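All figures in this text were calculated on a predicted structure; none of them were measured in a lab. All values below were derived from every heavy atom in this structure, side-chain atoms included, with hydrogens, water molecules and symmetry-related copies excluded.
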Amino acid sequence: MTEGKQVELLSGADMVVRALADEGVEYIYGYPGGALLHVYDAIFRQDKITHVLVRHEQAAAHMADGYARASGKPGVALVTSGPGATNTITGIATAYMDSIPMVVLSGQVPSDFIGTDMFQETDMVGISRPIVKHSFLVKRAEDIPEVLRKAFYIAQTGRPGPVVVDLPKDITDINKKFPYEYPNKVKIRSYNPPVKGHSGQIRKAVDLLLKARRPIIYAGGGVIMGQGSEALTELAHLSGAPVTNTLMGLGSFPGTDKQFVGMLGMHGSYTANLAMHHSDLVLAIGARFDDRVTNSTSKFCPTAKIVHVDIDPASIAKTVPVDIPIVGPVDSVLKEMITSVKQAGDIQDQTAMESWWKQINEWRSGRGGGLFPYDPGDGVIIKPQQVIQTLYEVTKNDDAYITTDVGQHQMFTAQYYPFDKPNRWISSGGLGTMGFGFPAAMGVKMNYPDATVACVTGEGSIQMNIQELSTCKQYDLGVKLINVNNRALGMVRQWQDMQYDSRYSHSYMESLPDFKKLVESYGHVGMSVTELKDLRPAMEEAFALKDRLVFLDVSVDSSEHVYPMQIKDGAMRDMWLSKTERT
(Lines give C-alpha, C1' and ligand atoms only; values in the text may rest on other atoms or scores of the structure.)
Protein backbone atom coordinates (compact mmCIF):
# COMPACT_ATOMS: atom_id res chain seq x y z
CA MET A 1 0.00 0.00 0.00
CA THR A 2 1.12 3.56 -0.70
CA GLU A 3 2.45 5.12 2.50
CA GLY A 4 0.07 7.66 4.02
CA LYS A 5 -2.82 6.70 1.76
CA GLN A 6 -6.07 5.61 3.37
CA VAL A 7 -6.88 2.00 2.60
CA GLU A 8 -10.15 1.52 0.72
CA LEU A 9 -12.07 -1.68 1.31
CA LEU A 10 -14.04 -3.08 -1.62
CA SER A 11 -15.80 -6.31 -2.46
CA GLY A 12 -14.44 -8.43 -5.29
CA ALA A 13 -17.30 -7.30 -7.55
CA ASP A 14 -16.60 -3.64 -6.81
CA MET A 15 -12.89 -4.26 -7.40
CA VAL A 16 -13.64 -5.58 -10.88
CA VAL A 17 -15.60 -2.48 -11.84
CA ARG A 18 -13.23 -0.04 -10.14
CA ALA A 19 -10.21 -1.67 -11.79
CA LEU A 20 -11.84 -1.34 -15.20
CA ALA A 21 -12.50 2.34 -14.52
CA ASP A 22 -8.93 2.85 -13.31
CA GLU A 23 -7.72 1.22 -16.52
CA GLY A 24 -9.66 3.83 -18.48
CA VAL A 25 -12.38 1.52 -19.80
CA GLU A 26 -15.39 3.44 -21.07
CA TYR A 27 -17.59 0.68 -22.46
CA ILE A 28 -18.37 -2.91 -21.50
CA TYR A 29 -20.36 -5.11 -23.86
CA GLY A 30 -22.10 -7.93 -22.07
CA TYR A 31 -25.00 -10.09 -20.96
CA PRO A 32 -25.78 -10.91 -17.30
CA GLY A 33 -26.25 -14.29 -15.66
CA GLY A 34 -26.16 -15.93 -12.25
CA ALA A 35 -22.39 -16.24 -11.90
CA LEU A 36 -21.91 -12.52 -12.55
CA LEU A 37 -24.79 -10.93 -10.65
CA HIS A 38 -22.46 -9.52 -7.98
CA VAL A 39 -20.52 -7.72 -10.72
CA TYR A 40 -23.68 -6.49 -12.39
CA ASP A 41 -24.86 -5.10 -9.08
CA ALA A 42 -21.56 -3.23 -8.82
CA ILE A 43 -22.07 -1.85 -12.33
CA PHE A 44 -25.50 -0.58 -11.27
CA ARG A 45 -23.92 1.32 -8.38
CA GLN A 46 -21.43 3.33 -10.49
CA ASP A 47 -21.58 5.86 -13.32
CA LYS A 48 -18.10 5.89 -14.91
CA ILE A 49 -18.51 2.93 -17.27
CA THR A 50 -21.29 2.42 -19.80
CA HIS A 51 -22.55 -1.15 -20.08
CA VAL A 52 -24.10 -2.18 -23.40
CA LEU A 53 -26.61 -5.01 -23.17
CA VAL A 54 -26.26 -7.14 -26.30
CA ARG A 55 -28.72 -9.81 -27.40
CA HIS A 56 -26.11 -12.57 -27.83
CA GLU A 57 -22.69 -12.95 -26.27
CA GLN A 58 -20.97 -13.46 -29.63
CA ALA A 59 -22.03 -9.92 -30.46
CA ALA A 60 -20.46 -8.68 -27.21
CA ALA A 61 -17.09 -10.04 -28.29
CA HIS A 62 -17.43 -8.59 -31.79
CA MET A 63 -18.49 -5.19 -30.42
CA ALA A 64 -15.43 -5.16 -28.18
CA ASP A 65 -13.33 -6.18 -31.17
CA GLY A 66 -14.75 -3.45 -33.43
CA TYR A 67 -14.16 -0.85 -30.73
CA ALA A 68 -10.55 -2.02 -30.39
CA ARG A 69 -9.85 -1.97 -34.13
CA ALA A 70 -11.19 1.57 -34.48
CA SER A 71 -9.73 3.07 -31.28
CA GLY A 72 -6.55 1.04 -30.79
CA LYS A 73 -7.57 0.44 -27.17
CA PRO A 74 -8.58 -2.93 -25.69
CA GLY A 75 -12.25 -3.79 -25.91
CA VAL A 76 -13.99 -5.43 -22.94
CA ALA A 77 -16.69 -8.12 -22.95
CA LEU A 78 -18.47 -9.34 -19.82
CA VAL A 79 -20.34 -12.67 -19.91
CA THR A 80 -21.66 -15.21 -17.48
CA SER A 81 -20.50 -18.80 -17.00
CA GLY A 82 -21.31 -21.81 -19.15
CA PRO A 83 -23.10 -20.93 -22.40
CA GLY A 84 -22.52 -17.23 -21.86
CA ALA A 85 -18.78 -17.79 -21.87
CA THR A 86 -18.74 -20.34 -24.68
CA ASN A 87 -20.82 -18.05 -26.89
CA THR A 88 -17.83 -15.68 -27.01
CA ILE A 89 -15.42 -18.30 -28.37
CA THR A 90 -15.90 -17.32 -32.03
CA GLY A 91 -15.35 -13.67 -31.13
CA ILE A 92 -12.22 -14.48 -29.14
CA ALA A 93 -10.81 -16.56 -32.01
CA THR A 94 -11.58 -13.72 -34.43
CA ALA A 95 -9.59 -11.28 -32.30
CA TYR A 96 -6.77 -13.76 -31.79
CA MET A 97 -6.26 -14.41 -35.50
CA ASP A 98 -6.12 -10.67 -36.27
CA SER A 99 -4.05 -9.67 -33.18
CA ILE A 100 -6.74 -7.47 -31.63
CA PRO A 101 -6.43 -6.37 -27.97
CA MET A 102 -9.43 -7.54 -25.98
CA VAL A 103 -10.22 -8.57 -22.41
CA VAL A 104 -13.05 -11.03 -21.86
CA LEU A 105 -14.34 -11.32 -18.29
CA SER A 106 -16.26 -14.55 -17.81
CA GLY A 107 -18.25 -15.58 -14.79
CA GLN A 108 -17.53 -18.95 -13.23
CA VAL A 109 -19.21 -21.20 -10.65
CA PRO A 110 -17.96 -20.83 -7.05
CA SER A 111 -14.38 -21.98 -6.50
CA ASP A 112 -15.31 -24.98 -4.35
CA PHE A 113 -17.60 -26.33 -7.09
CA ILE A 114 -15.20 -26.07 -10.03
CA GLY A 115 -14.85 -29.54 -11.51
CA THR A 116 -18.16 -30.88 -10.17
CA ASP A 117 -20.22 -30.20 -13.31
CA MET A 118 -22.26 -27.64 -11.43
CA PHE A 119 -25.09 -25.89 -13.32
CA GLN A 120 -23.62 -23.70 -16.10
CA GLU A 121 -20.04 -24.75 -15.42
CA THR A 122 -17.53 -24.93 -18.27
CA ASP A 123 -13.75 -24.79 -18.17
CA MET A 124 -13.48 -21.43 -19.91
CA VAL A 125 -9.72 -21.20 -19.39
CA GLY A 126 -9.23 -24.63 -20.94
CA ILE A 127 -11.67 -24.12 -23.80
CA SER A 128 -10.16 -20.78 -24.81
CA ARG A 129 -6.49 -21.69 -24.28
CA PRO A 130 -5.59 -22.20 -27.99
CA ILE A 131 -7.14 -18.87 -29.01
CA VAL A 132 -5.99 -16.42 -26.34
CA LYS A 133 -2.74 -14.64 -25.70
CA HIS A 134 -3.11 -15.48 -22.01
CA SER A 135 -5.79 -16.41 -19.48
CA PHE A 136 -6.33 -16.07 -15.72
CA LEU A 137 -8.49 -17.96 -13.23
CA VAL A 138 -8.82 -15.58 -10.29
CA LYS A 139 -8.54 -17.48 -7.01
CA ARG A 140 -8.64 -14.65 -4.44
CA ALA A 141 -10.55 -11.38 -4.43
CA GLU A 142 -7.39 -9.58 -3.26
CA ASP A 143 -5.73 -10.52 -6.57
CA ILE A 144 -8.33 -8.87 -8.81
CA PRO A 145 -6.58 -5.46 -9.26
CA GLU A 146 -3.22 -7.04 -10.16
CA VAL A 147 -4.79 -9.66 -12.44
CA LEU A 148 -6.77 -7.07 -14.39
CA ARG A 149 -3.74 -4.78 -14.66
CA LYS A 150 -1.76 -7.69 -16.09
CA ALA A 151 -4.60 -8.68 -18.41
CA PHE A 152 -4.75 -5.26 -20.05
CA TYR A 153 -0.96 -4.99 -20.21
CA ILE A 154 -0.66 -8.35 -21.96
CA ALA A 155 -3.59 -7.66 -24.31
CA GLN A 156 -2.14 -4.45 -25.73
CA THR A 157 1.65 -4.86 -25.65
CA GLY A 158 3.89 -6.85 -27.99
CA ARG A 159 1.70 -8.59 -30.54
CA PRO A 160 -1.78 -7.69 -29.22
CA GLY A 161 -4.41 -10.29 -28.56
CA PRO A 162 -7.35 -11.36 -26.40
CA VAL A 163 -7.00 -12.25 -22.71
CA VAL A 164 -9.60 -14.18 -20.70
CA VAL A 165 -10.17 -13.52 -17.00
CA ASP A 166 -12.36 -16.16 -15.34
CA LEU A 167 -14.15 -14.93 -12.19
CA PRO A 168 -15.60 -17.54 -9.78
CA LYS A 169 -18.75 -16.20 -8.15
CA ASP A 170 -17.45 -16.46 -4.58
CA ILE A 171 -14.50 -14.14 -5.21
CA THR A 172 -16.94 -11.38 -6.27
CA ASP A 173 -19.13 -11.74 -3.13
CA ILE A 174 -20.43 -8.26 -2.28
CA ASN A 175 -20.43 -9.05 1.46
CA LYS A 176 -16.67 -9.68 1.71
CA LYS A 177 -14.35 -6.68 1.45
CA PHE A 178 -10.61 -6.39 0.99
CA PRO A 179 -8.03 -3.60 0.57
CA TYR A 180 -8.03 -2.13 -2.94
CA GLU A 181 -5.20 -0.46 -4.81
CA TYR A 182 -4.75 -0.52 -8.56
CA PRO A 183 -1.09 -1.08 -9.56
CA ASN A 184 0.60 1.80 -11.40
CA LYS A 185 3.06 -0.55 -13.07
CA VAL A 186 3.16 -4.18 -13.98
CA LYS A 187 6.10 -6.48 -14.47
CA ILE A 188 5.84 -10.07 -15.63
CA ARG A 189 9.15 -11.89 -15.41
CA SER A 190 8.54 -14.20 -18.34
CA TYR A 191 6.99 -11.55 -20.60
CA ASN A 192 9.27 -8.91 -22.07
CA PRO A 193 8.11 -7.69 -25.51
CA PRO A 194 10.82 -5.92 -27.53
CA VAL A 195 10.87 -2.12 -27.41
CA LYS A 196 13.14 -1.50 -30.43
CA GLY A 197 14.65 -3.30 -33.39
CA HIS A 198 18.27 -4.32 -33.91
CA SER A 199 20.05 -1.29 -35.39
CA GLY A 200 22.52 -3.39 -37.39
CA GLN A 201 19.72 -5.36 -39.02
CA ILE A 202 17.85 -2.15 -39.77
CA ARG A 203 20.88 -0.66 -41.53
CA LYS A 204 21.27 -3.85 -43.59
CA ALA A 205 17.60 -3.67 -44.57
CA VAL A 206 17.88 -0.04 -45.65
CA ASP A 207 20.98 -0.84 -47.69
CA LEU A 208 19.07 -3.59 -49.53
CA LEU A 209 16.07 -1.30 -50.04
CA LEU A 210 18.12 1.50 -51.59
CA LYS A 211 20.13 -0.83 -53.81
CA ALA A 212 17.14 -2.82 -55.02
CA ARG A 213 16.09 -2.42 -58.66
CA ARG A 214 12.53 -3.71 -58.18
CA PRO A 215 11.57 -3.17 -54.51
CA ILE A 216 8.09 -3.43 -53.04
CA ILE A 217 6.78 -2.66 -49.55
CA TYR A 218 4.30 -5.25 -48.26
CA ALA A 219 2.44 -3.85 -45.22
CA GLY A 220 0.00 -5.71 -43.00
CA GLY A 221 -2.29 -5.17 -40.05
CA GLY A 222 0.68 -4.93 -37.69
CA VAL A 223 1.39 -1.45 -39.10
CA ILE A 224 -2.07 -0.31 -38.01
CA MET A 225 -2.00 -1.98 -34.59
CA GLY A 226 1.56 -0.72 -34.08
CA GLN A 227 0.53 2.86 -35.01
CA GLY A 228 3.14 2.93 -37.76
CA SER A 229 1.05 4.26 -40.66
CA GLU A 230 2.54 7.75 -40.68
CA ALA A 231 6.09 6.40 -40.61
CA LEU A 232 5.27 3.83 -43.31
CA THR A 233 3.98 6.58 -45.59
CA GLU A 234 7.10 8.68 -45.05
CA LEU A 235 9.43 5.74 -45.72
CA ALA A 236 7.53 4.80 -48.88
CA HIS A 237 7.72 8.36 -50.21
CA LEU A 238 11.44 8.59 -49.38
CA SER A 239 12.25 5.31 -51.11
CA GLY A 240 9.84 5.69 -54.02
CA ALA A 241 8.90 2.02 -53.77
CA PRO A 242 5.43 0.70 -54.64
CA VAL A 243 3.29 -0.29 -51.66
CA THR A 244 0.82 -3.14 -51.35
CA ASN A 245 -1.39 -4.04 -48.40
CA THR A 246 -2.76 -7.23 -46.97
CA LEU A 247 -6.49 -7.35 -46.29
CA MET A 248 -5.81 -6.38 -42.67
CA GLY A 249 -3.35 -3.66 -43.66
CA LEU A 250 -5.73 -1.59 -45.80
CA GLY A 251 -5.52 2.04 -44.76
CA SER A 252 -2.01 1.76 -43.34
CA PHE A 253 -0.89 3.50 -46.55
CA PRO A 254 -3.26 5.87 -48.39
CA GLY A 255 -5.33 3.92 -50.88
CA THR A 256 -5.47 6.86 -53.28
CA ASP A 257 -1.69 7.47 -53.23
CA LYS A 258 -0.02 7.00 -56.63
CA GLN A 259 2.48 4.56 -55.06
CA PHE A 260 -0.28 2.23 -53.86
CA VAL A 261 -0.69 -0.74 -56.20
CA GLY A 262 -3.67 -2.31 -54.42
CA MET A 263 -4.27 -5.20 -52.07
CA LEU A 264 -2.33 -8.37 -52.78
CA GLY A 265 -3.16 -12.04 -52.46
CA MET A 266 -5.96 -14.43 -53.38
CA HIS A 267 -8.27 -11.64 -54.55
CA GLY A 268 -5.61 -8.96 -54.69
CA SER A 269 -5.05 -6.61 -57.58
CA TYR A 270 -3.49 -7.79 -60.81
CA THR A 271 -0.78 -5.13 -60.41
CA ALA A 272 0.10 -5.92 -56.79
CA ASN A 273 0.39 -9.66 -57.39
CA LEU A 274 2.58 -9.23 -60.46
CA ALA A 275 4.75 -6.61 -58.75
CA MET A 276 5.30 -8.92 -55.79
CA HIS A 277 6.17 -11.88 -58.02
CA HIS A 278 8.70 -9.93 -60.10
CA SER A 279 10.26 -7.91 -57.26
CA ASP A 280 13.88 -8.31 -56.20
CA LEU A 281 13.26 -7.04 -52.66
CA VAL A 282 10.19 -7.46 -50.44
CA LEU A 283 10.10 -5.26 -47.35
CA ALA A 284 7.42 -6.96 -45.24
CA ILE A 285 6.19 -4.89 -42.30
CA GLY A 286 3.67 -6.16 -39.76
CA ALA A 287 2.52 -8.96 -42.07
CA ARG A 288 2.65 -12.72 -41.55
CA PHE A 289 2.86 -14.23 -45.06
CA ASP A 290 -0.39 -16.13 -44.62
CA ASP A 291 -1.74 -18.51 -47.25
CA ARG A 292 -4.22 -15.95 -48.61
CA VAL A 293 -1.20 -13.88 -49.68
CA THR A 294 1.55 -16.27 -50.70
CA ASN A 295 -0.37 -18.94 -52.64
CA SER A 296 2.25 -21.73 -52.99
CA THR A 297 5.15 -20.78 -50.70
CA SER A 298 7.59 -22.74 -52.86
CA LYS A 299 6.83 -20.37 -55.77
CA PHE A 300 6.57 -17.18 -53.72
CA CYS A 301 8.61 -14.19 -55.01
CA PRO A 302 11.32 -16.39 -56.56
CA THR A 303 13.81 -13.58 -57.34
CA ALA A 304 13.34 -11.50 -54.18
CA LYS A 305 15.32 -11.05 -51.02
CA ILE A 306 12.97 -10.67 -48.07
CA VAL A 307 13.19 -8.32 -45.10
CA HIS A 308 10.62 -9.11 -42.39
CA VAL A 309 9.75 -6.63 -39.62
CA ASP A 310 7.43 -7.87 -36.87
CA ILE A 311 6.91 -7.45 -33.13
CA ASP A 312 6.38 -11.22 -32.78
CA PRO A 313 9.56 -13.29 -33.27
CA ALA A 314 7.44 -16.42 -33.77
CA SER A 315 5.91 -14.91 -36.91
CA ILE A 316 9.23 -14.28 -38.65
CA ALA A 317 10.21 -16.99 -41.14
CA LYS A 318 7.24 -19.05 -39.96
CA THR A 319 6.04 -19.81 -43.49
CA VAL A 320 8.55 -18.13 -45.80
CA PRO A 321 12.36 -17.97 -45.32
CA VAL A 322 13.62 -14.41 -44.84
CA ASP A 323 17.00 -12.84 -45.47
CA ILE A 324 16.91 -10.09 -42.85
CA PRO A 325 14.66 -10.59 -39.80
CA ILE A 326 13.94 -7.55 -37.62
CA VAL A 327 12.06 -8.09 -34.35
CA GLY A 328 10.63 -4.91 -32.90
CA PRO A 329 7.72 -2.44 -32.79
CA VAL A 330 6.95 -1.38 -36.36
CA ASP A 331 6.73 2.34 -35.58
CA SER A 332 10.13 2.38 -33.86
CA VAL A 333 11.75 0.28 -36.61
CA LEU A 334 10.24 2.39 -39.41
CA LYS A 335 11.42 5.63 -37.83
CA GLU A 336 14.95 4.24 -37.52
CA MET A 337 14.78 3.14 -41.16
CA ILE A 338 13.72 6.64 -42.19
CA THR A 339 16.73 8.11 -40.38
CA SER A 340 19.04 5.62 -42.12
CA VAL A 341 17.56 6.42 -45.56
CA LYS A 342 18.12 10.13 -45.00
CA GLN A 343 21.67 9.53 -43.86
CA ALA A 344 22.45 7.30 -46.85
CA GLY A 345 21.88 10.08 -49.34
CA ASP A 346 21.05 9.56 -53.00
CA ILE A 347 22.43 6.12 -53.74
CA GLN A 348 19.41 4.69 -55.55
CA ASP A 349 19.64 3.61 -59.16
CA GLN A 350 17.06 6.06 -60.50
CA THR A 351 17.12 4.53 -63.98
CA ALA A 352 16.22 1.14 -62.52
CA MET A 353 13.40 2.65 -60.43
CA GLU A 354 12.01 4.47 -63.45
CA SER A 355 12.06 1.21 -65.39
CA TRP A 356 10.31 -0.57 -62.49
CA TRP A 357 7.56 2.04 -62.35
CA LYS A 358 7.16 1.93 -66.13
CA GLN A 359 6.49 -1.80 -65.85
CA ILE A 360 4.09 -1.31 -62.95
CA ASN A 361 2.13 1.34 -64.83
CA GLU A 362 1.90 -0.96 -67.85
CA TRP A 363 0.34 -3.61 -65.62
CA ARG A 364 -2.01 -0.98 -64.22
CA SER A 365 -3.18 0.14 -67.62
CA GLY A 366 -3.45 -3.40 -68.92
CA ARG A 367 -5.77 -4.97 -66.34
CA GLY A 368 -6.54 -2.24 -63.83
CA GLY A 369 -4.93 -1.53 -60.47
CA GLY A 370 -7.07 -1.58 -57.35
CA LEU A 371 -10.16 -1.21 -59.57
CA PHE A 372 -10.29 -4.42 -61.57
CA PRO A 373 -12.45 -4.08 -64.71
CA TYR A 374 -15.81 -5.83 -64.76
CA ASP A 375 -18.79 -6.08 -67.10
CA PRO A 376 -21.27 -3.39 -65.97
CA GLY A 377 -24.16 -5.38 -67.41
CA ASP A 378 -27.34 -4.01 -68.93
CA GLY A 379 -27.56 -0.90 -66.75
CA VAL A 380 -30.60 -2.24 -64.89
CA ILE A 381 -29.31 -5.20 -62.91
CA ILE A 382 -27.00 -4.03 -60.12
CA LYS A 383 -23.48 -5.41 -59.97
CA PRO A 384 -22.00 -5.80 -56.47
CA GLN A 385 -18.98 -3.73 -57.53
CA GLN A 386 -21.33 -0.85 -58.30
CA VAL A 387 -22.74 -1.00 -54.77
CA ILE A 388 -19.27 -0.51 -53.27
CA GLN A 389 -18.28 2.21 -55.74
CA THR A 390 -21.49 4.08 -54.96
CA LEU A 391 -20.88 3.66 -51.22
CA TYR A 392 -17.43 5.18 -51.66
CA GLU A 393 -18.75 8.11 -53.69
CA VAL A 394 -21.41 8.87 -51.08
CA THR A 395 -19.14 8.53 -48.00
CA LYS A 396 -15.61 9.39 -49.16
CA ASN A 397 -15.76 12.90 -47.69
CA ASP A 398 -17.12 11.71 -44.34
CA ASP A 399 -13.99 9.98 -42.98
CA ALA A 400 -16.23 6.92 -42.72
CA TYR A 401 -15.63 3.72 -40.79
CA ILE A 402 -16.49 0.70 -42.93
CA THR A 403 -16.97 -2.75 -41.43
CA THR A 404 -17.76 -5.90 -43.37
CA ASP A 405 -18.89 -9.41 -42.88
CA VAL A 406 -17.18 -12.20 -44.81
CA GLY A 407 -17.60 -13.35 -48.39
CA GLN A 408 -17.73 -11.78 -51.83
CA HIS A 409 -19.01 -8.46 -50.50
CA GLN A 410 -15.95 -8.28 -48.23
CA MET A 411 -13.56 -8.75 -51.16
CA PHE A 412 -15.45 -6.28 -53.36
CA THR A 413 -15.23 -3.71 -50.56
CA ALA A 414 -11.50 -4.30 -50.16
CA GLN A 415 -11.03 -3.89 -53.92
CA TYR A 416 -13.32 -0.95 -54.68
CA TYR A 417 -13.26 1.23 -51.54
CA PRO A 418 -9.88 3.02 -51.14
CA PHE A 419 -8.96 3.69 -47.50
CA ASP A 420 -6.70 6.68 -46.91
CA LYS A 421 -6.48 6.38 -43.12
CA PRO A 422 -5.76 3.53 -40.70
CA ASN A 423 -8.45 2.09 -38.40
CA ARG A 424 -11.25 2.90 -40.88
CA TRP A 425 -11.40 -0.59 -42.48
CA ILE A 426 -12.69 -3.14 -39.99
CA SER A 427 -13.09 -6.73 -41.13
CA SER A 428 -12.43 -10.27 -39.96
CA GLY A 429 -9.32 -11.43 -41.79
CA GLY A 430 -7.66 -14.50 -40.31
CA LEU A 431 -10.75 -16.34 -39.10
CA GLY A 432 -13.18 -15.06 -41.74
CA THR A 433 -16.11 -14.72 -39.34
CA MET A 434 -19.57 -14.31 -40.80
CA GLY A 435 -21.71 -12.28 -38.40
CA PHE A 436 -18.78 -10.05 -37.40
CA GLY A 437 -19.52 -6.89 -39.34
CA PHE A 438 -22.75 -5.68 -37.75
CA PRO A 439 -21.76 -5.87 -34.06
CA ALA A 440 -18.29 -4.56 -34.95
CA ALA A 441 -19.95 -1.51 -36.52
CA MET A 442 -21.99 -1.08 -33.35
CA GLY A 443 -18.81 -1.05 -31.26
CA VAL A 444 -17.34 1.65 -33.51
CA LYS A 445 -20.52 3.75 -33.47
CA MET A 446 -20.78 3.55 -29.68
CA ASN A 447 -17.31 5.08 -29.36
CA TYR A 448 -17.67 7.55 -32.25
CA PRO A 449 -21.35 8.55 -32.16
CA ASP A 450 -20.92 11.43 -34.61
CA ALA A 451 -18.98 9.38 -37.18
CA THR A 452 -20.38 7.79 -40.32
CA VAL A 453 -20.29 4.04 -39.71
CA ALA A 454 -21.42 1.54 -42.33
CA CYS A 455 -21.45 -2.23 -42.42
CA VAL A 456 -21.30 -3.99 -45.78
CA THR A 457 -22.92 -7.37 -45.32
CA GLY A 458 -24.66 -10.18 -47.16
CA GLU A 459 -27.96 -11.93 -46.68
CA GLY A 460 -26.09 -14.92 -45.19
CA SER A 461 -23.85 -13.05 -42.77
CA ILE A 462 -26.41 -10.57 -41.47
CA GLN A 463 -28.75 -13.29 -40.24
CA MET A 464 -26.07 -14.63 -37.90
CA ASN A 465 -26.34 -11.65 -35.53
CA ILE A 466 -29.42 -9.83 -36.81
CA GLN A 467 -30.88 -9.85 -33.29
CA GLU A 468 -28.59 -6.92 -32.49
CA LEU A 469 -31.07 -4.66 -34.28
CA SER A 470 -32.74 -4.66 -30.88
CA THR A 471 -29.55 -3.46 -29.16
CA CYS A 472 -29.18 -0.68 -31.72
CA LYS A 473 -32.70 0.53 -30.95
CA GLN A 474 -32.05 0.56 -27.20
CA TYR A 475 -28.84 2.58 -27.53
CA ASP A 476 -29.75 4.69 -30.61
CA LEU A 477 -26.87 3.37 -32.70
CA GLY A 478 -27.39 4.86 -36.14
CA VAL A 479 -25.21 2.52 -38.18
CA LYS A 480 -25.92 2.00 -41.86
CA LEU A 481 -26.25 -1.57 -43.14
CA ILE A 482 -25.62 -2.19 -46.84
CA ASN A 483 -26.90 -5.68 -47.65
CA VAL A 484 -25.34 -6.91 -50.90
CA ASN A 485 -28.08 -9.43 -51.49
CA ASN A 486 -27.28 -12.05 -54.15
CA ARG A 487 -29.54 -14.66 -52.54
CA ALA A 488 -26.62 -17.06 -52.15
CA LEU A 489 -23.52 -17.79 -50.13
CA GLY A 490 -21.59 -16.01 -52.85
CA MET A 491 -18.03 -17.08 -52.19
CA VAL A 492 -19.10 -20.69 -51.65
CA ARG A 493 -21.06 -20.56 -54.89
CA GLN A 494 -18.06 -19.06 -56.72
CA TRP A 495 -15.83 -21.97 -55.63
CA GLN A 496 -18.55 -24.42 -56.61
CA ASP A 497 -18.67 -22.76 -60.04
CA MET A 498 -14.94 -22.99 -60.52
CA GLN A 499 -14.00 -26.28 -58.86
CA TYR A 500 -17.18 -28.37 -58.64
CA ASP A 501 -18.70 -27.96 -62.11
CA SER A 502 -21.39 -25.61 -60.78
CA ARG A 503 -22.89 -28.15 -58.39
CA TYR A 504 -24.45 -25.70 -55.97
CA SER A 505 -24.69 -27.84 -52.87
CA HIS A 506 -26.58 -25.82 -50.24
CA SER A 507 -25.17 -22.45 -51.28
CA TYR A 508 -28.42 -20.78 -52.36
CA MET A 509 -30.70 -19.08 -49.85
CA GLU A 510 -34.05 -20.44 -50.95
CA SER A 511 -35.99 -18.69 -48.18
CA LEU A 512 -35.17 -15.14 -47.11
CA PRO A 513 -37.12 -12.67 -44.97
CA ASP A 514 -38.45 -9.39 -46.24
CA PHE A 515 -35.53 -7.48 -44.78
CA LYS A 516 -37.29 -4.11 -45.10
CA LYS A 517 -40.26 -5.25 -43.03
CA LEU A 518 -38.05 -7.12 -40.56
CA VAL A 519 -35.88 -4.08 -39.90
CA GLU A 520 -38.95 -1.86 -39.57
CA SER A 521 -40.38 -4.25 -36.97
CA TYR A 522 -37.34 -3.48 -34.81
CA GLY A 523 -38.10 0.26 -35.14
CA HIS A 524 -35.51 1.14 -37.79
CA VAL A 525 -35.60 2.34 -41.39
CA GLY A 526 -35.68 -0.30 -44.11
CA MET A 527 -35.10 0.33 -47.81
CA SER A 528 -35.00 -1.96 -50.86
CA VAL A 529 -33.29 -1.37 -54.19
CA THR A 530 -33.59 -3.63 -57.23
CA GLU A 531 -32.53 -1.38 -60.16
CA LEU A 532 -29.30 0.50 -60.79
CA LYS A 533 -31.03 3.85 -61.37
CA ASP A 534 -32.32 3.81 -57.79
CA LEU A 535 -29.04 2.85 -56.11
CA ARG A 536 -27.37 6.26 -55.76
CA PRO A 537 -30.54 8.12 -54.60
CA ALA A 538 -31.29 5.42 -52.03
CA MET A 539 -27.72 5.42 -50.75
CA GLU A 540 -27.76 9.21 -50.39
CA GLU A 541 -31.08 9.08 -48.56
CA ALA A 542 -29.82 6.40 -46.19
CA PHE A 543 -26.74 8.38 -45.16
CA ALA A 544 -28.72 11.62 -44.87
CA LEU A 545 -30.63 10.03 -41.98
CA LYS A 546 -27.73 10.67 -39.61
CA ASP A 547 -29.24 9.43 -36.36
CA ARG A 548 -31.20 6.45 -37.65
CA LEU A 549 -30.20 2.90 -38.33
CA VAL A 550 -30.91 2.31 -42.01
CA PHE A 551 -30.90 -1.13 -43.63
CA LEU A 552 -30.41 -0.85 -47.40
CA ASP A 553 -31.27 -4.18 -49.02
CA VAL A 554 -29.69 -4.15 -52.50
CA SER A 555 -30.51 -6.97 -54.93
CA VAL A 556 -27.43 -7.72 -57.06
CA ASP A 557 -26.42 -10.03 -59.88
CA SER A 558 -26.03 -13.47 -58.29
CA SER A 559 -23.73 -14.75 -61.03
CA GLU A 560 -20.93 -12.23 -60.43
CA HIS A 561 -17.53 -13.55 -59.31
CA VAL A 562 -14.66 -11.83 -57.52
CA TYR A 563 -11.63 -11.41 -59.76
CA PRO A 564 -8.68 -11.67 -59.88
CA MET A 565 -8.51 -15.00 -58.09
CA GLN A 566 -5.23 -16.78 -57.57
CA ILE A 567 -4.92 -20.23 -59.08
CA LYS A 568 -4.49 -22.84 -56.37
CA ASP A 569 -0.88 -24.05 -55.85
CA GLY A 570 0.45 -21.45 -58.27
CA ALA A 571 2.72 -18.45 -57.87
CA MET A 572 1.43 -14.96 -57.06
CA ARG A 573 1.34 -14.13 -60.78
CA ASP A 574 -0.98 -17.06 -61.53
CA MET A 575 -4.54 -15.70 -61.52
CA TRP A 576 -7.97 -16.24 -62.96
CA LEU A 577 -9.02 -12.96 -64.60
CA SER A 578 -12.51 -14.16 -65.52
CA LYS A 579 -14.38 -17.46 -65.67
CA THR A 580 -12.44 -18.39 -68.81
CA GLU A 581 -9.33 -16.19 -68.82
CA ARG A 582 -6.18 -16.70 -66.78
CA THR A 583 -2.72 -15.18 -66.73
Are Y40 and H38 an aromatic pair, judged by ring center distance below 6.0 Å?
no

Contact check, side chains of [X] and [Y], non-hydrogen atoms, under 4.5 Å:
X: E531; Y: I382; result: no
X: C472; Y: H524; result: yes
X: S128; Y: V132; result: yes
X: P101; Y: M225; result: yes
X: Q494; Y: M565; result: yes
X: Y374; Y: F412; result: no
X: L391; Y: V456; result: yes
X: L469; Y: T471; result: no

Identify which one of R493, K579, K383 satisfies the salt bridge (Lys or Arg N to Asp or Glu O under 4.0 Å) criterion when paired with E560.
K383

Criterion side chain to side chain donor-acceptor pair (under 3.5 Å) on T88 and E57, from CA distance to verdict
CA-CA 6 Å; T88 67; E57 292 89 352; over 6 Å; no

Determine, for [X] against [Y], whether the closest basic-nitrogen to carboxylate-oxygen distance falls under 4.0 angstrom.
X: R45; Y: D41; result: yes
X: E393; Y: R536; result: yes
X: R69; Y: D98; result: yes
X: K396; Y: D420; result: no
X: E510; Y: R487; result: no

Smallest heavy-atom separation, F438 atom then N465 atom, equals CD2-O, 3.6 Å

Take atom [atom1] in [X]; do more than 12 heavy atoms of anything else shown fall under 6.0 Å from it?
X: E540; atom1: CD; result: yes
X: D378; atom1: CG; result: yes
X: Y504; atom1: OH; result: yes

Sorted by chain and number, sequence neighbours left out, side chain to side chain donor-acceptor pair (under 3.5 Å) with K516 holds for E520

Distance under 6.0 Å and angle within 45° of the ring axis: does R424 meet both against Y401?
yes

Between the OH atom in Y182 and the CE atom in M15, the distance rounded to the nearest 0.5 Å is 13.0 Å

Taking only residues at least two apart or on different chains, which pairs with a member in residues 57-108 satisfy ring-ring contact (aromatic ring centres under 6.0 Å, His included)?
H62-F436

Kindly state each residue pair satisfying ring-ring contact (aromatic ring centres under 6.0 Å, His included) with at least one member in residues 479-500, sequence neighbours excluded.
none

